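Encoded as structure tokens, the structure appears first; notes follow it.
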Amino acid sequence: MLDNIKIVHHQGKQFIPDVTTAKVPGIFRGRPVISLEKVDETKLQSICPTGAISLKPVSIDLGKCTFCGECANQFPDKIKFTTDYKISTNEREGLIIKEGEDKTVEVNPEKVREEIRRLFGRSLKLRQISAGGDNSCEWELNAANNVQFDMSRFGIEFVASPRHADGIVITGPVTENMAEPVQICYDATPDPKIIVLVGTDAISGGIFAGSPAINRSFLDKYTIDLYIPGNPAHPLTIINGLLDLTRKK
Ligand code: SF4
């Protein structure tokens with residue numbers, strides 16, 4: 001009995017009381033900040049494996065970035081990754097971080113469909129589709145519902161059938177073989193429905209972009225309601241993104 005009490009005392013509370021202000025360890029790579037320091041920009045651009053770095057001005061596209069950290073390793077005075085995990089947005093261009101700017105990535109409330117906050121503000125059921133994913137973002141989506149992050153306390157949960165869902169969450173670059181299942185799943189979800197892309201592969205194709213093995217035509221047909229970047233996305237990025245999309249501040 002005494003041993004059990006000691007274990008409980010040692011472990012403390014397992015859940016994060018406030019997922020909107022929780023701190024993450026310093027090694028975490030979240031929103032980058034790019035300084036105005038002059039560097040060999042051509043070399044900087046060439047080290048990025050996914051073409052996430054653009055020039056004039058120097059910028060990083062979080063929708064393409066794998067968060068490998070190599071640019072920051074080789075050009076520490078130019079690029080630093082902060083621990084800011086709130087990097088989800090409903091605007092694709094909002095994922096582009098430019099040099100000389102240190103502003104947060106946010107959901108633009110003006111672009112959130114009216115029915116999203118009216119209908120999903122207290123309860124949101126999602127069907128997850130792994131469209132050629134490597135199980136990393138899928139793992140983090142699972143983690144978002146574990147005892148520590150406990151996303152279901154906000155009424156946000158995953159369901160087995162698209163017919164019971166309010167929207168779909170896509171992970172992976174959308175392989176040719178998954179293009180039709182993604183469409184079928186979307187069609188089976190009742191209106192109004194949202195589309196959420198989680199992770200670099202889903203947002204841009206990541207390291208698979210341009211491969212003949214992927215078919216991203218589905219994503220060209222519909223408005224994406226939320227981009228959640230990361231490689232994989234962190235549970236705190238996932239939860240805060242979904243809360244910002246569905247709830248008024
Ligand atoms: S951290 Fe991102 S931007 Fe930097 S080299 Fe890696 S993929 Fe490219």
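The structure displayed is predicted, hence computed values, not measured ones. For this chain, numbers begin at 1 and follow the sequence in order. For ligands, and for the atoms within them, numbers begin at 1 and follow the listed sequence.
- Atoms of ligand 1 found under 4.0 Å from any heavy atom of Ile53 (numbered from 1 in listed order, with element): 3 (S).
- The aromatic rings of Tyr85 and His234 lie parallel to each other, their planes meeting at an angle below 30°, with 60° marking the opposite boundary.
- Around atom CZ of Arg153, more than 12 heavy atoms belonging to other residues, nucleotides or ligands sit under 6.0 Å away.
- Residue Gln74 qualifies as enclosed at atom CD: its count of foreign heavy atoms under 6.0 Å is above 12.
- Dense packing is recorded around CZ of Arg118, with more than 12 heavy atoms of other residues, nucleotides or ligands lying under 6.0 Å away.
- Thr171 and Gln128 form a side-chain donor-acceptor contact under 3.5 Å, judged by distance and modelled atom types alone.
- Ordered by chain and number, Cys68 SG make up the set of protein N, O or S atoms under 2.8 Å of atom 6 (Fe) of ligand 1.
- For Lys221, the NZ atom counts as densely surrounded, since its 6.0 Å shell holds more than 12 non-hydrogen atoms of other residues, nucleotides or ligands.
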